[in-house]
Amino acid sequence: MADLLSIGASAANTFKNAIDVTSHNVANVSTEGYSRQRAEISSNATNSLTTAFNGGGSSVDTIERIYASYIQTQLVNSNSLKSRYDEQLSLAQQVEGVIASNDEGVQDFMQRIFDSFQELADNPTSSTTQQVVLDESVNMESLLGNMTNVLNETSEQVNKQLSNTVNEVNTRLEAIHKINEQVANLINTNAQPPNDLLDQRDQAILELSQYMDIKTYPQDDGKINVSTGDGRLPLISDRTLTKLDAGLSEYTHDNRFEVYMNINGERRVISDNINGGELGAVLDFRENMLDKSMNELGVVLNGMAASINWQHYQGYDEDGNAGGNLYAPLDANALASSKNTGTEDGTNILVNFTPDIAALPGYNGQPPYNPGTQPATYGDKEAFLDTAFTAIGEFKAREYEVRVNGAGDFDVYDASDVGSGPLATVPFGTNTEIDGLNFDFSGVGAGTVTEGDKFIVKPHQAMLENFETVLTDAGQLATRGQSPIDTGAAGLDDEVPAPAAEGDNTNMANMASLQNKNLLYSDVTGTPSETLLGGYSMMATNVGTYVSSTEIQATAQSNVYDQMVSRRESLSGVNLDEEAANLLRFQQAYQASAQILQTAQSIFQTLMNAIG
């Protein structure tokens, strides 16, 4: 009788546990990250209850978590990429309409300026047409001002998003670290794995992957170590939790946030170690779309201002004065690193557009537009213009980092590729031309910089903010061309330049024709490959390509993520139909177990009555 009673009791207990597990599954059908559990039932060993050759009933060995680590890892990775491209696409589309618009955008306003030049060339003495040139230039200035405000707001949004996302990362890291400790303690004291805690940890890891790419490493004690996606920087290791923080870069006045991490007691920038999740999206968008497009647009604007100004210098206004600046020439200064030990703050490190004409014949120490100090000959003036155009063709859409070397001189690098070595080394107190721009260190005071001091300068982005129409008197537009005085020499090289007759339109026609002249992005032979409008179109195309490629990636990664979710759900998800069937089956088994107990009790009572 002990056998029957024990078998019934063990069966009842077994199926009660199975009902509990099934009920737990049903209760968590909508719980994010929950993995279905299953009571693993096994037969008790024969003769475990009696010496007779009878069955031993059943028991629940463990509550198994239906889970596949490889599917979870794939889900985490796909979630990181999906989040990256979704967020990247949202940011990119937001800026695309601002910086690369086809309607009422920069290209339209540039075209209007060149159209106004042509209209003035067609009617060079019309004061109304002269004023239209200035009005269109001011309109362009206003557009760029509004655009710059939007781009600055976008940069500020990037900073806030980096800060907020880092906070989300740290929250998830804290949760994972806390659960790690609980899991390790429970595994050490209990034979049954803490399934619900393991699910909570996996969900926290999945949520963490939404914000950055990560790698996970299961440990023998039940913990999971977490590192950055490249595997180089540990975020959670054993009992150590390393949080991230976001803050201004070392160039504090650049108002640009970076992601930092404390590594061996040193606060280091780790932005380059993050490629996935929302952090990866924001960082990639800033570098490969926002910064890149601003630099490319800046090249166009610098090329436009410089080429128009220097062509304007070639002509004369209605009073016979040589043409001056129509637009403010580039004038950018550097920003100092907060780590510098010297006192130079970067304001004396200047980058401007000053073509190297000093070595050319006819240079008299003055710019070619100063009244009364014109070059000696017409040929000299043409050579100055050619030199300026050559420099414009050398413009590169990049930023520069300046470092003070051991000799006290200045090494100038491409800021995005410092590892390739300096583009040029400029002796202290001198200036030189790099990528068509004049880097001027002559104003840096002795003793104000020390070895290792660093500076950053963004000349083409500066032009977005500093584009300005400086000519305010329409009568000073240099519409008239040259009328060389014949000195009897062959050709024009030795002729003395003088204003053409009133009503001449030669210079304004030349200014209008600049829209069709290749001025930008010279090839290896020194031949410019793009017009000003072509340079803008190239920038707009790059923006469009970035958006479209991101959109393709977003769609692809969304599909991959959905597939991984489906795979996980098919394995680990709760199926209510299945659980209902199990519940009914276990309920019937439990009732049958109870019937065994009743039978045992009835037999026992019959025996007692017979004996009694």
N-O pairing of E465 and K458 below 4.0 Å: no
Pair V547-M289, side chain to side chain contact (heavy atoms under 4.5 Å, CB included): steps then yes or no: CA-CA 9 Å; V547 173; M289 181 177 177; 4.3 Å; yes
S209 versus N79, closest heavy-atom pair with distance: OG-ND2, 2.9 Å
Main-chain N/O of A554 paired to S558 side chain as donor or acceptor, under 3.5 Å: no
Spatial distance of atom CG (D202) from atom CG (L208) [nearest 0.5 Å]: 12.0 Å
OH/Y413: more than 12 non-hydrogen atoms of other groups inside 6.0 Å: yes
Row check, Y251 ring normal vs R256 NZ/CZ: under 6.0 Å, within 45°: no
Note: D435-R398 ion pair, threshold 4.0 Å (strictly below): yes
Side chain N273, main chain L233, donor-acceptor under 3.5 Å: no
E156-N255 side chain donor-acceptor pair, cut-off 3.5 Å: yes
Main-chain N/O of L162 paired to T165 side chain as donor or acceptor, under 3.5 Å: no
Spacing of I7 atom CD1 and L597 atom CG [to the nearest 0.5 Å]: 11.0 Å
Short side-chain to backbone donor-acceptor contact, T148 and L144, under 3.5 Å: yes
Sub-4.5 Å side-chain heavy-atom contact between N28 and V574: no
Considering all heavy atoms, the nearest Y260-I270 contact: C-CG1, 4.3 Å
Taking every non-hydrogen atom, the tightest pair across A68 and L571: CB-CD2, 3.4 Å
Exceeds 12 heavy-atom contacts within 6.0 angstrom, atom CG of D272: no
Selection residues 563-580 - residue pairs positive for salt bridge (charged side-chain N to carboxylate O under 4.0 Å, His left out), sequence neighbours left out: R36-E578
Derivation and outcome, side chain to side chain contact (heavy atoms under 4.5 Å, CB included), residues L91 and V95: CA-CA 7 Å; L91 291 168; V95 171; over 6 Å; no
Between D61 and S42: side-chain donor-acceptor atoms closer than 3.5 Å: yes
Heavy atoms from other residues, nucleotides or ligands near NZ of K396 exceed 12 (cutoff 6.0 Å): yes
Shortest non-hydrogen contact between T550 and L89, atoms and distance: CG2-N, 3.5 Å
Residue pair L206 / E32, side-chain heavy-atom distance below 4.5 Å: no
CG (N190) with more than 12 external heavy atoms under 6.0 Å: yes
Minimum side-chain heavy-atom gap K223-D238 below 4.5 Å: yes
Pairwise distance CD1(I236) to CZ(R172) - rounded to 0.5 angstrom: 12.5 Å
T171 side chain vs N167 backbone, donor-acceptor pair below 3.5 Å: yes
Test item: D199 side-chain N/O and S35 main-chain N/O as donor-acceptor pair under 3.5 Å: yes
Donor-acceptor contact below 3.5 Å, side chain S80 vs main chain G277: yes
Residues in salt bridge (Lys or Arg N to Asp or Glu O under 4.0 Å) contact with E296, at least two apart in sequence or another chain: K292
Donor-acceptor under 3.5 Å (D411 side chain, N405 main chain): no
Within-4.5 Å side-chain heavy-atom neighbours: K82 and V560: no
For R268, all residues meeting salt bridge (Lys or Arg N to Asp or Glu O under 4.0 Å), sequence neighbours excluded: E266
Result of checking N25, D20, T62, D196 against Q37 for side-chain hydrogen bond (donor to acceptor under 3.5 Å, both in side chains): D196
N44 side, atom CG; S58 side, atom OG - distance, nearest 0.5 Å: 6.5 Å
N13 vs N17 side-chain heavy atoms within contact, under 4.5 Å: yes
Q210 and S83 side chains, donor-acceptor separation under 3.5 Å: no
Closest approach of Y536 to A100 (non-hydrogen atoms, all atoms of both residues): OH-CA, 3.5 Å
Beyond-backbone contact of I187 with P194, side-chain heavy atoms, under 4.5 angstrom: yes
Note: K178-E174 ion pair, threshold 4.0 Å (strictly below): no
Flag, side chain of N295 to backbone of D291, donor-acceptor distance under 3.5 Å: yes
Check against side chain to side chain contact (heavy atoms under 4.5 Å, CB included), Y400 and L423: CA-CA 9 Å; Y400 302 88; L423 302 170; 3.8 Å; yes
Donor + acceptor pair across side chains of D523, S529 (<3.5 Å): no
Over all atoms of both residues, closest heavy-atom pair of A27 and T31: O-OG1, 4.5 Å
T22 OG1 to L583 CG distance, which is reported to the nearest 0.5 Å: 6.0 Å
pair D221-N188: side-chain heavy atoms closer than 4.5 Å: no
Test side-chain contact (heavy atoms from CB on, under 4.5 Å) applied to I99 and L151, T154, L290, the passing residue: L151
L244 side chain reached by M212 side chain, heavy atoms, under 4.5 Å: yes
Trace of the side chain to side chain contact (heavy atoms under 4.5 Å, CB included) decision for L241 with I176: CA-CA 10 Å; L241 166 64; I176 297 166; over 6 Å; no
Pair D453-T450, side-chain hydrogen bond (donor to acceptor under 3.5 Å, both in side chains): steps then yes or no: CA-CA 6 Å; D453 283 357; T450 59; 3.2 Å; yes
Y546 versus Q88, side-chain donor and acceptor atoms under 3.5 Å: yes
Reported CG-to-CG distance for the pair N582 and L576, which is rounded to 0.5 angstrom: 11.5 Å
Distance-only side-chain donor-acceptor flag, E399 / Q461, under 3.5 Å: yes
Any donor-acceptor N/O pair, N180 side chain to I224 backbone, under 3.5 Å: yes
